[in-house]
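All values below come from the heavy atoms of this structure, side chains included, with hydrogens, waters and symmetry mates left out. Note on naming: letters A, B, ... go to the chains in the order of the sequence lines (proteins, then strands), and numbering restarts at 1 for each one.
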2 protein chains.
Amino acid sequence: MENQIEQKCRDAGLKLTGQRRTIAKILSEATDHPSANELFERCTAIDPKISLSTLYRTLRVLEETQIIRSHDFGEGYARFEVATKDPHDHLIDLVSGDVHEFNHPDLERLKQFIAKEFGYDVVRHRVELYAIPIKSSQSKRRRIRS
Amino acid sequence: MENQIEQKCRDAGLKLTGQRRTIAKILSEATDHPSANELFERCTAIDPKISLSTLYRTLRVLEETQIIRSHDFGEGYARFEVATKDPHDHLIDLVSGDVHEFNHPDLERLKQFIAKEFGYDVVRHRVELYAIPIKSSQSKRRRIRS
DNA sequence: ATTTTAATGAGAATAATTCGCATTTGTGCT
DNA sequence: AGCACAAATGCGAATTATTCTCATTAAAAT
């Protein structure tokens with residue numbers, strides 16, 4: 001059985017080349033937000049003769065067809081993720097580099113409200129929280145009594 | 001009388017060269033969010049022999065000393081502004097390119113709340129609204145009866 | 001005025017991404 | 001199965017914002 005991305009490529013009228021299958025597989029198996037370089041490493045582990053040009057070209061095509069999304073976390077390069085879920089925002093762990101996803105309805109409302117004040121409609125937005133783990137105590141989610 | 005930036009350079013122990021004075025002047029007079037290239041054009045109009053290296057180096061130093069701030073609005077290059085006011089967020093007009101600044105207390109509260117849910121403290125954030133002017137009617141601010 | 005030390009200019013270097021083009025490969029049709 | 005053609009690939013060169021190197025110059029301190 002083929003993955004979501006392959007099906008979507010078909011729907012979008014894209015040729016299913018071996019390279020694309022490899023890239024699609026890597027992307028759909030990723031649980032993180034890999035950069036082009038990280039993707040390239042994972043790809044060459046499967047198909048050592050895939051080229052970086054092809055990877056970049058494919059990433060672009062997949063983004064144009066809304067199959068994936070790219071993000072810029074200010075590192076000087078992009079990170080990618082499959083666009084399965086609804087759009088969401090990101091919290092970047094400054095210590096580990098981990099990326100957490102969230103979607104808060106208040107935030108959606110608030111951004112529209114703010115834009116309206118200026119006489120605008122929001123087309124898209126970018127919300128990123130750069131944060132460090134709370135050290136003093138446990139997080140709210142897993143609190144233990146001290 | 002010298003501008004804010006020159007004073008701050010002094011305080012930071014930076015030499016006040018002619019080039020720095022020029023760059024400081026341009027920056028303090030800017031009401032927009034100029035890119036390095038735009039700044040370079042404005043600088044060379046005053047001092048044609050200033051070099052791009054110097055501009056970039058100075059921008060970096062000024063940012064390191066918190067005298068200016070740089071932003072990445074996803075255009076592939078940075079934009080700069082004097083760090084006089086409190087930190088704020090930006091609404092980017094997708095039609096004209098204009099940048100509006102805002103600061104909403106609810107947003108500040110909300111971001112801390114969201115981070116806490118994950119067990120984090122927010123160190124810094126990035127909130128950008130990319131928007132288009134409301135076409136159908138006037139903006140809330142300047143409504144006229146139709 | 002002299003010394004010290006940081007800043008400048010010019011161009012080379014970097015790094016992520018894109019492009020040009022000759023070659024290859026899916027895909028649809030017969 | 002075999003063909004034709006558009007689309008995709010791979011290689012290396014090009015692009016672009018920014019940084020670096022290093023010899024020269026200028027500000028600041030003595």
Donor + acceptor pair across side chains of A:Ser35, A:Asn37 (<3.5 Å) = no

task = Could you list by number each residue of residues 70-81 of chain B showing a heavy-atom separation from DNA chain D of less than 4.0 Å, or answer none if no residue does?
result = B:Gly76, B:Tyr77, B:Ala78

request  = Within residues 37-59 of chain B, find the residues that approach DNA chain D with a heavy atom at under 4.0 Å, and present them sorted by residue number.
outcome  = B:Ser53, B:Tyr56

key: Between C:dT8 (C1') and B:Ile23 (CD1): distance, integer Å   = 10 Å

ask   = How far does the helix from C:dA1-D:dT30 to C:dT30-D:dA1 bend, going by the axes of its first and last five pairs, to the nearest 10°?
value = 30°

key: B:Glu29 atom CD, over 12 foreign heavy atoms within 6.0 Å   = yes

inquiry  = Counting only heavy atoms from other residues, nucleotides and ligands, does the tally under 6.0 Å from CD of A:Gln66 exceed 12?
reply    = no

Between protein and nucleotides 26-30 of chain C, what N or O pairs are separated by less than 3.5 Å?
residue, atom, partner, partner atom, Å
C:dG26, N3, A:Lys15, NZ, 3.4
C:dT27, OP1, A:Leu16, N, 3.0

Using modelled atom types and a 3.5 Å cut-off, is there a donor and acceptor pairing between side-chain atoms of [X] and backbone atoms of [Y]?
X: A:Thr44; Y: A:Asp47; result: no
X: A:Asn103; Y: A:Pro87; result: yes
X: A:Thr54; Y: A:Ile50; result: no
X: B:His71; Y: B:Phe73; result: no

key: Positional range of nucleotides in DNA chain D within the contact set of chain A, heavy-atom, under 4.0 Å   = D:dA6 to D:dG12

query = Got a salt bridge between B:Arg126 and B:Asp72, using NZ or NE/NH1/NH2 to carboxylate O under 4.0 Å?
reply = yes

request  = Fit a plane to each ring of A:His90 and A:His88, take the angle between them on a 0 to 90° scale, and name the class: parallel (under 30°), tilted (30 to 60°) or perpendicular (over 60°).
outcome  = perpendicular

query = In chain order, what residues pass the ring-ring contact (aromatic ring centres under 6.0 Å, His included) check against B:Tyr130, with sequence neighbours excluded?
reply = none

ask   = Looking at the rings of A:Tyr120 and B:His100, which for Trp means the six-membered one, are their centres under 6.0 Å apart?
value = yes

